[in-house]
Amino acid sequence: MSKRKSGGHAAASPSPPAIVCILVVDAIIDEFEVEIWYQRTDGVDRAFSTSMDWLRAERPSEDTLAYSVETLLFSIIARCLRYVGEPVDVRAGLLSKGHVWAIISSVCREMDEIKKENELWREAKIVTKAAHLGLVLQASHFSRGTWIACCPGTNHTLELQPKRNLFYCGYCRVGGGIDELDEFVAQRRSTAAGFIGGRTLH
């Protein structure tokens with residue numbers, strides 16, 4: 001991505017929203033379109049989806065429009081890959097189809113690098129403990145220093161932090177160390193589809 005700076009200041013009046021691209025996403029069950037829009041207003045550049053309000057990114061209007069759009073789209077695509085699905089086709093807007101595919105490839109390369117870094121923590125105590133407990137786990141593609149597993153008896157994610165030998169389930173709001181992981185997994189399995197709400201094991 002180009003890192004050219006613009007010497008000018010942000011425009012006083014908002015620019016009209018412009019479509020950056022349309023991502024055709026494979027969400028396993030079906031393919032659907034995600035429109036990505038861009039707007040520069042009040043010194044802030046924003047990229048957003050009109051169909052998913054949480055799929056957005058913003059940054060100060062300190063760079064050229066082209067660089068800002070590329071940077072924001074990188075962030076949007078990373079979130080799309082993590083929470084929505086994989087783009088299988090692109091329709092051009094402000095950026096050409098080839099340009100968007102280059103950004104998608106760049107995001108995928110970074111995800112692979114993050115996973116390789118996380119793989120180095122395979123022998124950490126919390127990771128080996130989770131494997132011993134029979135959890136299906138893998139090094140995260142998205143967050144450095146993180147492994148992920150399926151929370152027992154559920155379809156949501158349990159995060160392991162191997163550097164600190166800690167775990168946390170955001171859905172169950174339960175976390176702790178190695179001993180607490182043992183207790184948590186036993187509780188989850190004994191209650192099968194039960195839910196431990198609002199408790200943090202100490």
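What you are looking at is a predicted structure, and each value in this text was computed from that prediction instead of being measured.
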Exercise. Under 4.5 Å between any side-chain heavy atoms of Ile126 and Gln161, yes or no?
Worked result: no
Exercise. Out of curiosity, Ile114 CD1 to Glu119 CD, how far, rounded to the nearest 0.5 Å?
Worked result: 13.0 Å
Exercise. Residues two or more places apart in sequence or in another chain: which of them pass side chain to side chain contact (heavy atoms under 4.5 Å, CB included) with Val88?
Worked result: Val24, Asp26, Glu31
For this session: Using the side-chain contact (heavy atoms from CB on, under 4.5 Å) rule, take Tyr171 and Cys151 through it: C-alpha gap first, then chi angles, then the decisive distance, then the call.
Result: CA-CA 9 Å; Tyr171 187 86; Cys151 182; over 6 Å; no
Exercise. Do you know the tightest heavy-atom contact between Arg173 and Tyr168?
Worked result: CA-OH, 3.5 Å
Problem set entry | Counterpart residues, side chain to side chain contact (heavy atoms under 4.5 Å, CB included), relative to Arg79 (two or more places apart) | Trp54, Leu55, Tyr83
Exercise. With side chains defined as the heavy atoms from C-beta onward, is the minimum distance between Arg188 and Cys172 less than 4.5 Å?
Worked result: yes
Exercise. What is the minimum heavy-atom distance between Tyr67 and Arg59, and which atoms define it?
Worked result: CE2-NH2, 3.7 Å
For this session: List in chain and number order the residues that pass side chain to side chain donor-acceptor pair (under 3.5 Å) with Ser49, two or more places apart in sequence or in another chain; answer none if no residue qualifies.
Result: Ser51
Problem set entry | Set of salt bridge (charged side-chain N to carboxylate O under 4.0 Å, His left out) partners for Glu110, sequence neighbours left out | none
For this session: Could you tell me whether the side chain of Glu86 reaches within less than 4.5 Å of the side chain of Val25, counting heavy atoms only?
Result: no
Exercise. Is it true that Lys116 and Glu113 make a salt bridge, defined as a side-chain N closer than 4.0 Å to a carboxylate O?
Worked result: no
Problem set entry | Side chains of Phe184 and Leu158 in contact at under 4.5 Å (non-hydrogen atoms) | yes
Exercise. Can you name the residues that form a salt bridge (charged side-chain N to carboxylate O under 4.0 Å, His left out) with Asp182, not counting sequence neighbours?
Worked result: Lys129
For this session: Please answer: with hydrophobic residues joined when any side-chain heavy atoms are less than 4.5 Å apart, are Tyr38 and Val107 in the same cluster?
Result: yes
For this session: Indicate the atoms forming the closest heavy-atom contact of Trp147 with Pro162, along with that distance.
Result: CD1-CG, 3.9 Å
For this session: Give a yes or no on whether Val174 and Leu166 share a hydrophobic cluster (residues Ile, Leu, Val, Met, Phe, Trp, Tyr; joining criterion: side-chain heavy atoms under 4.5 Å apart).
Result: no
Exercise. What distance do Ser75 atom OG and Glu58 atom CD have between them, rounded to the nearest 0.5 Å?
Worked result: 10.5 Å
Problem set entry | With Trp121 via side chain to side chain donor-acceptor pair (under 3.5 Å) - residues at least two apart | none
Problem set entry | Whether Thr128 side chain and Ala124 backbone form a donor-acceptor pair below 3.5 Å | yes
Seminar exercise, completed: Contacts of Cys108 meeting side chain to side chain contact (heavy atoms under 4.5 Å, CB included) (sequence neighbours excluded), chain-then-number -> Leu81, Ile104
Problem set entry | For Asp89, all residues meeting salt bridge (charged side-chain N to carboxylate O under 4.0 Å, His left out), sequence neighbours excluded | Lys97
Problem set entry | Distance-only polar pair, side chains of Ser61 and Asp45, donor-acceptor under 3.5 Å | yes
Exercise. Any side-chain heavy atom of Arg40 within less than 4.5 Å of one from Ser68?
Worked result: yes
Exercise. Which atoms form the tightest heavy-atom contact between Cys21 and Leu73, and what is the distance?
Worked result: SG-CD1, 4.1 Å
Problem set entry | Non-hydrogen atoms of Pro87 and Trp101 that approach each other most closely | O-CH2, 3.6 Å
Exercise. Do Phe48 and Leu72 share a hydrophobic cluster (ILVMFWY, side-chain heavy atoms under 4.5 Å, transitive)?
Worked result: no
Exercise. Can you tell if the side chain of Lys115 reaches within under 4.5 Å of the side chain of Phe142, non-hydrogen atoms only?
Worked result: no
Seminar exercise, completed: On a heavy-atom basis, the closest approach of Leu23 and Cys80 is CD1-SG, 4.3 Å
For this session: Could you walk me through whether Arg122 and Leu120 pass side-chain contact (heavy atoms from CB on, under 4.5 Å), step by step?
Result: CA-CA 6 Å; Arg122 179 176 292 279; Leu120 300 175; over 6 Å; no
Exercise. Would you find a donor on one side and an acceptor on the other, under 3.5 Å apart, between the side chain of Gln39 and the backbone of Ser15?
Worked result: yes
Problem set entry | Summary of salt bridge (charged side-chain N to carboxylate O under 4.0 Å, His left out) pairs that have at least one residue in residues 132-144, sequence neighbours excluded | Glu117-Arg144
Seminar exercise, completed: Rounded to the nearest 0.5 angstrom, the OG1-CG distance for Thr71 and Asp63 is 6.5 Å
For this session: Output all residues satisfying side chain to side chain contact (heavy atoms under 4.5 Å, CB included) with Ile19, sequence neighbours left out; order by chain, then residue number.
Result: Ile22, Glu35, Trp37
Problem set entry | Test side chain to side chain donor-acceptor pair (under 3.5 Å) applied to Asn118 - qualifying residues, sequence neighbours left out | none
Problem set entry | Min side-chain heavy-atom separation Glu180-Phe167 under 4.5 Å | yes
Exercise. Which distance, rounded to the nearest 0.5 Å, do you find between the CD1 of Ile36 and the CZ of Arg91?
Worked result: 13.5 Å
Exercise. Does any pair with a residue in residues 153-172 pass salt bridge (charged side-chain N to carboxylate O under 4.0 Å, His left out), and if so which ones, sequence neighbours excluded?
Worked result: Arg82-Glu159
Exercise. Considering only heavy atoms from C-beta outward, does the side chain of Leu160 approach that of Ile148 to under 4.5 Å?
Worked result: no
